[in-house]
Amino acid sequence: EQLCAIGHYETIEKDTLLIKENDPANYFYILLQGQVHVTKTIVDADGQEQQHLLRILKPGAILGEMSLIEEKPRSANLTAKSSALLIRFS
C-alpha cells in the first residue's frame, strides 16, 4: 500500500514499448496485470535487426530496476504483450 502511494498507476495498451534498449534509466515499474516481453535486439548476418525473446514477465515482476541499480543504460526492450496495469516509480 505504501509503495502504491509513491508510484503512479499506468494503464498500457498491447504492443506498447515500455523500456527501450540503450536508453538511460530514470524509472522502474511493478507489473500488476498483463504480460510484458523482454527482448534483446540482435543484428543478423544481413544487417537486419531481429528481436530475440529473453523472458515473459507476469504480474508481480519488477521491470527496469537493474539499470537504476547499476547506473547503466537499459539492457533490453520491454514491450506489453497484452493490456497491462503497472506502477511507475521515478
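- Rounded to the nearest 0.5 angstrom, Glu65 CD and Glu70 CD are separated by 9.0 Å.
- In this structure, Ser82 and Gly34 approach most closely via the heavy-atom pair OG-CA, 3.3 Å.
- Between Ser67 and Arg74 the shortest heavy-atom distance is OG-CA, 3.3 Å.
- Smallest separation of non-hydrogen atoms from Leu31 and Ala84: CD1-CB, 4.0 Å.
- In this structure, Leu18 is not a member of the same hydrophobic cluster as Met66, with clusters built from ILVMFWY side-chain heavy atoms closer than 4.5 Å.
- Linking Ile, Leu, Val, Met, Phe, Trp and Tyr residues whenever their side-chain heavy atoms come within less than 4.5 Å leaves Val36 and Leu85 in two separate clusters.
- Here the CD-OG distance, from Glu21 to Ser75, works out to 7.5 Å after rounding to the nearest 0.5 Å.
- We find the NZ-OG1 distance between Lys81 and Thr39 to be 8.0 Å, quoted to the nearest 0.5 Å.
- Here the straight-line distance linking atom CG of Leu86 with atom CG of Leu78 works out to 9.5 Å at 0.5 Å rounding.
- Between Asn26 atom CG and Ser90 atom OG the span is 6.5 Å, to the nearest 0.5 Å.
- Closest approach of Lys20 and Leu17 over heavy atoms only: CB-CD2, 3.9 Å.
- The minimum heavy-atom distance linking Leu32 with Pro59 is given by the pair O-CB, 3.3 Å.
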request  = Determine, stepwise, if the pair Tyr9 / Arg88 fulfils side chain to side chain contact (heavy atoms under 4.5 Å, CB included).
outcome  = CA-CA 6 Å; Tyr9 285 91; Arg88 179 179 168 142; over 6 Å; no
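- Around NZ of Lys14, the count of heavy atoms belonging to other residues, nucleotides or ligands within 6.0 Å does not exceed 12.
- Distance alone, capped at 3.5 Å, is enough to place a donor-acceptor pair between the Asp44 side chain and the Asp46 backbone.
- Counting only heavy atoms from C-beta outward, the side chains of Ile30 and Phe89 approach each other to under 4.5 Å.
- Counting only N and O atoms by type, the side chains of Thr41 and Asn77 include a donor and acceptor under 3.5 Å apart.
- Contact detail for Gly64 and Ile19: the closest heavy-atom pair is CA-CD1, 3.8 Å.
- Under the 4.5 Å side-chain contact rule for hydrophobic residues, Tyr27 and Ile62 do not share a cluster.
- Separation of atoms NZ (Lys40) and CG (Leu53) is listed at 14.0 Å; rounding is to 0.5 Å.
- No continuous path of ILVMFWY side-chain contacts below 4.5 Å connects Leu57 to Phe28, so the two sit in separate hydrophobic clusters.
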